[in-house]
Novice: 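Have a look at the structure that comes next, please.
Every chain is numbered from 1, with letters handed out A, B, ... down the list of sequences.
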Number of protein chains: 2
Amino acid sequence: MRLTTKGRFAVTAMIDLGMRHQHGPVTLAGISERQRISLSYLEQLFGRLRRQGIVDSVRGPGGGYTLARALDDISVACIIRAVDEPIDATKCGGLGNCHDDRECMTHDLWMGLNAHIYQYLESVHLGELVRKQLKKEAEEMQDGASATHKRGRHIVGSAELKAVVHG
Amino acid sequence: MRLTTKGRFAVTAMIDLGMRHQHGPVTLAGISERQRISLSYLEQLFGRLRRQGIVDSVRGPGGGYTLARALDDISVACIIRAVDEPIDATKCGGLGNCHDDRECMTHDLWMGLNAHIYQYLESVHLGELVRKQLKKEAEEMQDGASATHKRGRHIVGSAELKAVVHG
DNA sequence: ACTAATCCCGATTAAAACAGTCAACTATTC
DNA sequence: GAATAGTTGACTGTTTTAATCGGGATTAGT
């Protein structure tokens, strides 16, 4: 298992998709704009997601991507697994280029650790993430007046943070 | 949080160190040979580990590295954190280059996930790994005759596995 | 039939990270 | 003072990331 920003992009994009898939296919162009991820990069990622049977595609105008399975049937682990290379994880790929017992010993340990992380990510499903996010957005709606107002507040907040960090 | 082979190397090396630190300083040359990790790469990794206060160094003949803290006071997370770059994790580094609320939303989610993984790695301590490994080695000692014998068996096992995988 | 929207695919690239190397240096022990 | 071992910084080759480009193929709407 490997955890990089690549996987994060994929999960982010999938959350975006999960949040609107009920209104029909979601275009990569839309995700790209909302999440600020390069369209072509998304194409690469979704190519893999599609081949792994996580999303379905609809071509032509009005097309886009839809979820191939239920929201709660898609784990974070399977998203990451789909976009990251064939999880080699060990140096010798289980084939035993290990020079002797020593090496095998240590990566056994490591793989145990890996399995645990993996298991956790397997237990987190897209549905939870999407629901959490929708709830959060709803709260923000009630909370502070118009969208313009919210954005204004947000920028001020960032500026303050910057000031603190940079001295 | 990022999980790569770099972190694995560091954890592996630390287990090796943990297994022999009671007999005095352990040299990188020794770790390098036993774990088949390039000496110079280890130098880089241990430079960081030392600066993070995870290991201490002893110079001169008979020198090497020792643990700066107790075995059970060193978590896997802190090892990985030490060798991996300043865990930026988010695109905007918390400083809010985020273009608007949307982006911040998604990486909040991701960071929650991250925190969880992190928390798990924080809960696994070097002590457990070292003890587990020592126990395993002891079992192997009893189990199968001489070291040469064991090595022989291991190689045969690898050959069989290869045969299965390749055809 | 035409056009525009959309997915699909491969080649290419720039920059970063990974993994390793090298050389010169300092501190310590014998 | 010679040998051992850590310390440091610069450097290199490869892989991965992230993005770009240029073209397809498919389909809805007109």
Novice: Distance check needed: C:dA15 C1' versus A:Tyr41 OH, whole Å only.
Specialist: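 About 13 Å, once rounded to whole Å.
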
Novice: Using a strict threshold of under 4.0 Å (side-chain N to carboxylate O), is an ion pair present between A:Glu122 and A:Arg81?
Specialist: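 The answer is yes: the pair qualifies as a salt bridge.
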
Novice: Is B:Gly47 touching bases, backbone alone, or none of the nucleic acid, heavy atoms closer than 4.0 Å?
Specialist: nothing

Novice: One character per nucleotide, please: for nucleotides 21-30 of chain D, 5' to 3', B when the base has a protein heavy atom closer than 4.0 Å, S when only the sugar-phosphate does, - otherwise.
Specialist: ---BBBBB--

Novice: Applying a 4.0 Å non-hydrogen cut-off, can you work out what A:Val26 is touching in the nucleic acid: base, sugar-phosphate, or nothing?
Specialist: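 Sugar-phosphate, backbone atoms only, no base.
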
Novice: Whole angstrom is fine here: how far is it from CD1 in A:Ile37 over to P in D:dA18?
Specialist: 10 Å

Novice: By nearest atom, which of the nucleotides D:dA19, D:dT8, C:dC8 is closest to the B:Arg50 side chain?
Specialist: D:dT8

Novice: For a quick check of understanding: with a heavy-atom distance under 4.0 Å over all strands, which category does B:Leu28 fall into, base, sugar-phosphate or nothing?
Specialist: sugar-phosphate

Novice: Looking at C:dA17, I'd like to know if its phosphate oxygens (OP1 or OP2) sit under 4.0 Å from a side-chain N or O belonging to A:Arg2.
Specialist: no

Novice: What is the distance from CZ of A:Phe46 to C1' of C:dC7, rounded to the nearest Å?
Specialist: 12 Å

Novice: Could I get the full list of side chain to side chain contact (heavy atoms under 4.5 Å, CB included) partners for A:Val130, not counting sequence neighbours?
Specialist: A:Ile15, A:Met19, A:Leu71, A:Leu126, A:Leu134

Novice: Rounded to whole Å, how long is the line connecting atom CD of A:Glu33 with atom C1' of C:dT6?
Specialist: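 Those two atoms, CD and C1', are 16 Å apart.
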
Novice: Which residues pass the side chain to side chain contact (heavy atoms under 4.5 Å, CB included) test with A:Gln119, sequence neighbours left out?
Specialist: none

Novice: Any side-chain N or O of B:Ser57 less than 4.0 Å from the OP1 or OP2 oxygen of D:dT7?
Specialist: yes

Novice: Not counting sequence neighbours, which residues clear side chain to side chain donor-acceptor pair (under 3.5 Å) with B:Tyr41? List them please.
Specialist: none

Novice: Side chain of B:Thr4, heavy atoms from C-beta onward: which of D:dT17, C:dC18, C:dT6 has the nearest atom to it?
Specialist: C:dC18

Novice: B:Arg59: which residues meet the salt bridge (charged side-chain N to carboxylate O under 4.0 Å, His left out) condition with it, sequence neighbours left out?
Specialist: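 If we apply the salt bridge (charged side-chain N to carboxylate O under 4.0 Å, His left out) test to B:Arg59, skipping adjacent residues, there are no hits.
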
Novice: Is the shortest distance from a Lys or Arg side-chain nitrogen in B:Arg69 or B:Asp56 to a carboxylate oxygen in the other one below 4.0 Å?
Specialist: no

Novice: In whole Å, what is the span from the CD atom of B:Gln44 to the P atom of C:dG20?
Specialist: 10 Å

Novice: Rounded to the nearest angstrom, tell me the gap between atom NZ in B:Lys6 and atom P in D:dT16.
Specialist: 16 Å

Novice: Using side chain to side chain donor-acceptor pair (under 3.5 Å) as the criterion, list what pairs up with A:Thr27, not counting sequence neighbours.
Specialist: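 Scan of A:Thr27 (side chain to side chain donor-acceptor pair (under 3.5 Å), adjacent residues dropped) gives none.
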
Novice: From CG of A:Leu39 over to C1' of C:dC9, roughly how many Å is that when rounded to an integer?
Specialist: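 The distance from CG of A:Leu39 to C1' of C:dC9 comes to 13 Å, rounded to the nearest Å.
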
Novice: Provide, to the nearest angstrom, the distance between the CZ atom belonging to A:Phe9 and the C1' atom belonging to C:dA16.
Specialist: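 Nearest whole value for this atom pair: 13 Å.
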
